[in-house]
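For the single chain, residues carry numbers from 1 onward in sequence order.
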Amino acid sequence: MKILLVEDDQALSEALAISLRDAGLLVEMAATGGDGDFLLRTEQYDAVILDLGLPDGDGTRWLSQWRDDGIDLPVLVLTARERWSDKAAGFSAGADDYVTKPFETAEVLFRLRALVRRSHGHAHPVLSAGDLSFDTHTGSVTLAGRPVTLTAQESRLLAYLMHAQERVVSRTELSEHVYDRDHEPDSNVIDVQISRLRRKLGGERIVTLRGQGYRLVIPEDETSESR
């Protein structure tokens, strides 16, 4: 999961980014609405954390502009404003959720994961594909009830494929959403990591469509068992 954090308080932004990265998320930071706007229009993200009190214009103005321009990814508003009128203005501008400062980092993390999950059409926090399950809260993976140990990068890859299951995901899309902007891999690196996932999860579970990308599917034997 790749997050854009738009927050002008440097100490708060860095502390929150560290906590989110420790939880396995990729985080890119912007200190102004203008910088956030540029990144949002040139990079790919799964969600935005947006402060309202930005130095170059209220966050609701930037958010409203993004929505008017068809940018529809989830936005979690983060602000010290407690009045209901301010919250209403944020929701009216297109916010999906709201957290008031001071906050618990765990709450931000839970809300972010829920927003991203729902944006992909998943209501339950545990994503399942046949015998394979991925807990979006804990990051734990099980196969036929048995725990599977993954590296941090393998976990990010699987999480993205699980959210998008049955949809073809291109190498470019994986590169943009699962890897840091400064360390984007070539296609061979992605192929190698997909191969490692296949060895741990079963080779028939992640299908390669030549020239298109990858798709996570439910193996036939697991489909027939569930009928």
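The closest donor-acceptor contact from the side chain of S92 to the backbone of A89 lies at 3.5 Å or more, if one exists at all. The backbone N or O of I71 lies less than 3.5 Å from a partner atom in the side chain of R67, making a donor-acceptor pair. Using modelled atom types, one side-chain atom of Q153 and one backbone atom of V178 make a donor-acceptor pair closer than 3.5 Å. At least one donor-acceptor pair closer than 3.5 Å links the side chain of S195 to the backbone N or O of D191. In this structure, the side chain of S133 does not engage the main chain of A129 through any donor-acceptor pair within 3.5 Å.
Taking the side chain as every heavy atom from C-beta outward, H137 and R117 approach each other to under 4.5 Å. Using a 4.5 Å heavy-atom cutoff, the side chains of L197 and R205 are not in contact. At least one side-chain heavy atom of L52 sits less than 4.5 Å from a side-chain heavy atom of Y98. S155 has its side chain within reach of F134: a pair of non-hydrogen atoms, C-beta onward, lies under 4.5 Å apart.
Ring geometry, Y160 versus H120: the interplanar angle exceeds 60°, so the pair is classed perpendicular (tilted spans 30 to 60°). Under the 30°/60° scheme for interplanar angles, the aromatic rings of F91 and W84 are found to be tilted.
The closest side-chain donor-acceptor pair between R196 and Q193, if any, does not fall under 3.5 angstrom. No hydrogens or angles considered: a donor-acceptor pair under 3.5 Å links the side chains of T138 and S140. For the residue pair D37/W66, the side-chain donor-acceptor check at 3.5 Å is satisfied.
Using a 4.0 Å cut-off between a side-chain N of Lys or Arg and a carboxylate O of Asp or Glu, R81 and D58 qualify as a salt bridge. Note on K101 versus E7: salt bridge recorded, some NZ/NE/NH1/NH2 to OD/OE distance being below 4.0 Å. Contact check on D96 versus R118 returns no salt bridge, with no Lys/Arg side-chain nitrogen under 4.0 Å from an Asp/Glu carboxylate oxygen. E173 and R167 are joined by a salt bridge, as a carboxylate oxygen and a charged side-chain nitrogen come within less than 4.0 angstrom of each other. Between E28 and K2, at least one side-chain N (NZ, or NE/NH1/NH2) sits under 4.0 Å from a carboxylate O, which counts as a salt bridge. Using a cutoff of 4.0 Å between basic side-chain nitrogens and carboxylate oxygens, R198 and E204 are not scored as salt-bridged.
Here CG of L76 is found 11.0 Å from CG of D51. Values are rounded to the nearest 0.5 Å. The structure places CE of M29 at 13.0 Å from CG of D8, a figure rounded to the nearest 0.5 Å. Between atom CG of residue D56 and atom OG1 of residue T32 there is a gap of 4.5 Å, rounded to the nearest 0.5 Å. Here the CG atom belonging to L20 is positioned 5.5 Å from the CG atom belonging to L25, to the nearest 0.5 angstrom. Between atom CG of residue L26 and atom CG of residue L4 there is a gap of 12.5 Å, rounded to the nearest 0.5 Å. Between atom OG of residue S128 and atom CD of residue Q165 there is a gap of 8.0 Å, rounded to the nearest 0.5 Å.
The side-chain contact (heavy atoms from CB on, under 4.5 Å) test with L132 is passed by exactly one of L158, V148, L127: L158.
No more than 12 heavy atoms of other residues, nucleotides or ligands sit less than 6.0 Å from atom CD of Q10.
Using a 4.5 Å cut-off between side-chain heavy atoms of Ile, Leu, Val, Met, Phe, Trp and Tyr, with links allowed through other members, M162 and I194 fall into the same hydrophobic cluster.
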